[in-house]
Amino acid sequence: MSRLSWWVAGDGTVTDGTYPDTRVPDGGCTILELPSREAALEWAAKIAVACRCSQEVRAFGYDPAS
């Protein structure tokens, strides 16, 4: 995995990178444990459609003891 963050638009378009710089953060956070990057991007697209706004996907370390 070369990147650790992706941007998923409401139409399912995936772009490398993080959320654009904004002065005021708006929104929340959803943490899902999924088997693959592809599954995470699919969920992000579903959430983007439901919320009518793009979503940022970030990978972070898995804790095998969890």
Discussion item. With heavy-atom distances below 4.5 Å as the criterion, would you say the side chains of Trp43 and Thr30 are in contact?
Written reply: no

Item to complete: Can you see which heavy atom on Gly12 is nearest to which on Ala45, and at what distance?
Response: CA-CB, 4.3 Å

Fill in: Partners meeting side-chain contact (heavy atoms from CB on, under 4.5 Å) with Val14 (sequence neighbours left out)
Trp6, Val8, Arg37, Leu41

Item to complete: Please step through side-chain contact (heavy atoms from CB on, under 4.5 Å) for the pair Thr13 and Trp7, ending with a clear verdict.
Response: CA-CA 8 Å; Thr13 304; Trp7 187 247; over 6 Å; no

Fill in: Residue pair Ser54 / Gly10: nearest heavy atoms and the distance that separates them
OG-N, 4.2 Å

Worksheet entry | Minimum heavy-atom distance between Gln55 and Cys53, given as atom pair plus value | NE2-O, 3.2 Å

Worksheet item: How far apart are the closest heavy atoms of Ala40 and Leu34, and which atoms are they?
Response: CA-CD1, 3.5 Å

